[in-house]
There are 2 protein chains.
Amino acid sequence: MSASSPRPNMPHLNALRAFEAAARLGSFSLAAEELYVTPAAVTQQIKSLEAWAGMVLFERHAQGVTLTDATRDALPTLTEAFDLLGSSVHTLVRKARPRAIKIAALPSIAQFWLSPRLSALRDAVPGLEISVTARETLPNLKREPFDLCLFLEKSSDASGAIPLAQDEIFPVCAPSVAQRLAKRADLAAETWLNDENWSGDWDRWVSATGGGIPQPASRPVFSLFGLALEEAINGAGVLIGHRLLVGKHLQSGALVAPFPDPVPLVRQLFLRIGLGAGEDPVIAEIVNLLSREAAVPAA
Amino acid sequence: MSASSPRPNMPHLNALRAFEAAARLGSFSLAAEELYVTPAAVTQQIKSLEAWAGMVLFERHAQGVTLTDATRDALPTLTEAFDLLGSSVHTLVRKARPRAIKIAALPSIAQFWLSPRLSALRDAVPGLEISVTARETLPNLKREPFDLCLFLEKSSDASGAIPLAQDEIFPVCAPSVAQRLAKRADLAAETWLNDENWSGDWDRWVSATGGGIPQPASRPVFSLFGLALEEAINGAGVLIGHRLLVGKHLQSGALVAPFPDPVPLVRQLFLRIGLGAGEDPVIAEIVNLLSREAAVPAA
DNA sequence: ATGTTAGATTTAGATAATCTATGCCTAGCA
DNA sequence: TGCTAGGCATAGATTATCTAAATCTAACAT
């Protein structure tokens, strides 16, 4: 018997959070990604929790970790607790600023689909303060207090999400470049521009429209769709464009579509509503507006 | 619109915890007590959360704080989240060390009631590792992972707790002192010893047994019952003793009860079982043993 | 009114928690 | 054998958090 506890009654909350993430994801590295820290930080947090509890929490394997029999039972409750924490934080900030809307979106969607439509939203809802966070992957809405998410997802993965628009791809280029393109085969002589994240787009379009076009000499890759788009507008080559993202430039004439044979993509633009934001009238209004906006080419 | 969030998506967990405690208790000072920090620390945590949220979370009053209309709704979920956190931590440590039992008790109960009975527990359950934490007040079992609590409580406050024993008070002293005490009135010439936490005991006993004894010249007060007890054994005066605490010394003869007119107290010794510990067979065994032990004077 | 009190705040400085950077280690795999 | 993924260890830097002590404020009692 010790007369008083040699350690505090509760472990560090941050260590608990790291444990929960690592246990749920089965990997310290993935947990580190979710928490926006380095894997070493997760290792240390877990170690501190193990020291506090006086027990080993994970079985370490070469590729990842798994919970031990003793710790597995604690995970569901722990996950629920942190989910509740996230949702109560969301409730808190929504009550505080009912007209502040936090949107997470793919960087390209944010810049070329959402951005042109934001002024319509602001006109419709006076006093709206919209924050847009660009993210490569869908955030965990149970943890991060976003009100809306705009991501390209496969229908099969998107249960509970609202489909906004079908995406399709086709080549686009500056009008000056288009003059050189009388037939599809002429593309072989051009530079093919594309986004790093959609590296298969050109091949998909070529084969879906009949194939038979040899690879061009030059296929530069850009880490952001916006950079590739800029190059295309400057006449540096032909971009494989997404209808959702190039509508504005087609309308303005900065880009043209020399071969308007659209190839539909499996991924569609889906809208997701954050937990606890569903009943909010302002959010509901935004959702309606975005659904309508999705039907028209661009703002 | 800002292109990416200027602040992290979640506030600091410690700030959230401070907020929850302060909101639930309606006071920064009480929250500080619960969290074992100074009130200034709570103030700072709340300030940091308010800065993060960009809103005022509390209405500050002269005696305490209250939630604003905007923040009140978030509290129940937040409280539930932290309760779940506490309970999952408890689950974790219980699984890890099923024979480690954490008991919280009043300091005097721990030392003079529980301690003499611990060896009986250890004999009954091999491998038992008992930790005893002395606490002046009943811990919040939803937050702190104790398995058992032993406190003196009024029956009206003790719903859900198991009554173990009735407490009663009567004067005790060393045999040498008892020789001077032929009748109750002789007490007026002695030094009256008592514990700081039970300062009303002497007066309660005197009036309940008929009154009529003038205050003695000397009434030293001790911050711990153990100190007063030590003095009594050394013949420094007459202690107003609790049956639950002096049984062992009465048996050994170190103390005697010159006027065995016990006065029952409103508070009884109650046993509480920690959340998630109820189904544990080891805990159940301990509970049974303690209930039986409570029936006999001392070990 | 005036002092008293409970309770929140402010600030500076100290302490502790936490992170990153770096390199190492191990198991699985080609 | 070398490569890769992923966890581990350490040092040092950076943040977060705490305490201590002095204020401040409104309610309450004289």
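Proteins come first, then strands; the chains are lettered A, B, ... in the order of their sequence lines, and each starts at number 1.
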| Between A:R272, A:R267, A:Q268, which is the residue that forms a side-chain hydrogen bond (donor to acceptor under 3.5 Å, both in side chains) with A:E153? |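 Going through the options one by one, the only one that passes is A:R272.
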
Provide, to the nearest angstrom, the distance between the [atom1] atom belonging to [X] and the [atom2] atom belonging to [N].
X: A:L49; N: D:dC8; atom1: CG; atom2: P; value: 13 Å
X: B:L16; N: D:dA16; atom1: CG; atom2: C1'; value: 15 Å
X: B:F19; N: D:dT17; atom1: CZ; atom2: C1'; value: 19 Å
X: B:I46; N: D:dC18; atom1: CD1; atom2: C1'; value: 15 Å

Going by distance alone, is a donor N or O of one side chain under 3.5 Å from an acceptor N or O of the other, for [X] and [Y]?
X: A:T79; Y: A:E20; value: yes
X: A:D201; Y: A:H242; value: yes
X: A:H90; Y: A:D147; value: yes

| query | Relative to each other, are the rings of B:W192 and B:W202 parallel, tilted or perpendicular (30° and 60° limits)? | reply |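 Judged by the thresholds at 30° and 60°, the geometry between B:W192 and B:W202 is parallel.
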
[X] side chain near [N] phosphate (N/O to OP1/OP2, under 4.0 Å):
X: B:K47; N: C:dT10; answer: yes
X: B:R60; N: C:dT9; answer: yes
X: B:S29; N: C:dA8; answer: yes

| query | With a non-hydrogen cut-off below 4.0 angstrom, is B:T43 in contact with a base, only sugar-phosphate, or nothing? | reply |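 Result for B:T43 = base.
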
Please list, for nucleotides 16-23 of chain C, all pairs of protein and nucleotide N/O atoms separated by less than 3.5 Å.
residue: C:dT18; atom: OP1; partner: A:N14; partner atom: ND2; Å: 2.8
residue: C:dT18; atom: OP2; partner: A:H12; partner atom: ND1; Å: 3.1
residue: C:dC19; atom: OP2; partner: A:Q45; partner atom: NE2; Å: 3.0
residue: C:dC19; atom: N4; partner: A:Q44; partner atom: OE1; Å: 3.4
residue: C:dT20; atom: OP2; partner: A:T38; partner atom: N; Å: 2.6
residue: C:dT20; atom: OP2; partner: A:T38; partner atom: OG1; Å: 2.8
residue: C:dT20; atom: O4; partner: A:Q44; partner atom: NE2; Å: 3.2

| Mind checking whether B:S108 and B:W198 have side chains closer than 4.5 Å, heavy atoms only? |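 Touching, per the 4.5 Å side-chain cut-off.
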
| message | Rounding to 10°, can you tell me the angle the first-five-pair axis of the helix from C:dA1-D:dT30 to C:dA30-D:dT1 makes with its last-five-pair axis? | response |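 The end axes of the helix from C:dA1-D:dT30 to C:dA30-D:dT1 are about 30° apart, to the nearest 10°.
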
| task | Spell out, as yes or no, whether a donor-acceptor pair under 3.5 Å connects the side chain of B:S207 to the backbone of B:D203. | result |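 Checking the backbone N and O of B:D203 against the side chain of B:S207, a donor-acceptor pair under 3.5 Å is found.
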
Is the shortest distance from a Lys or Arg side-chain nitrogen in [X] or [Y] to a carboxylate oxygen in the other one below 4.0 Å?
X: A:E144; Y: A:K102; result: no
X: B:E33; Y: B:R135; result: no
X: B:K154; Y: B:D157; result: no

| message | Are A:H12 and A:W52 an aromatic pair, judged by ring center distance below 6.0 Å? | response |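 No, they do not, as the ring centres are separated by 6.0 Å or more.
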
| query | What one-letter contact string describes nucleotides 24-30 of chain C from 5' to 3', where B marks a base within less than 4.0 Å of any protein heavy atom, S marks contact via sugar-phosphate atoms alone, and - marks no contact? | reply | ---S---

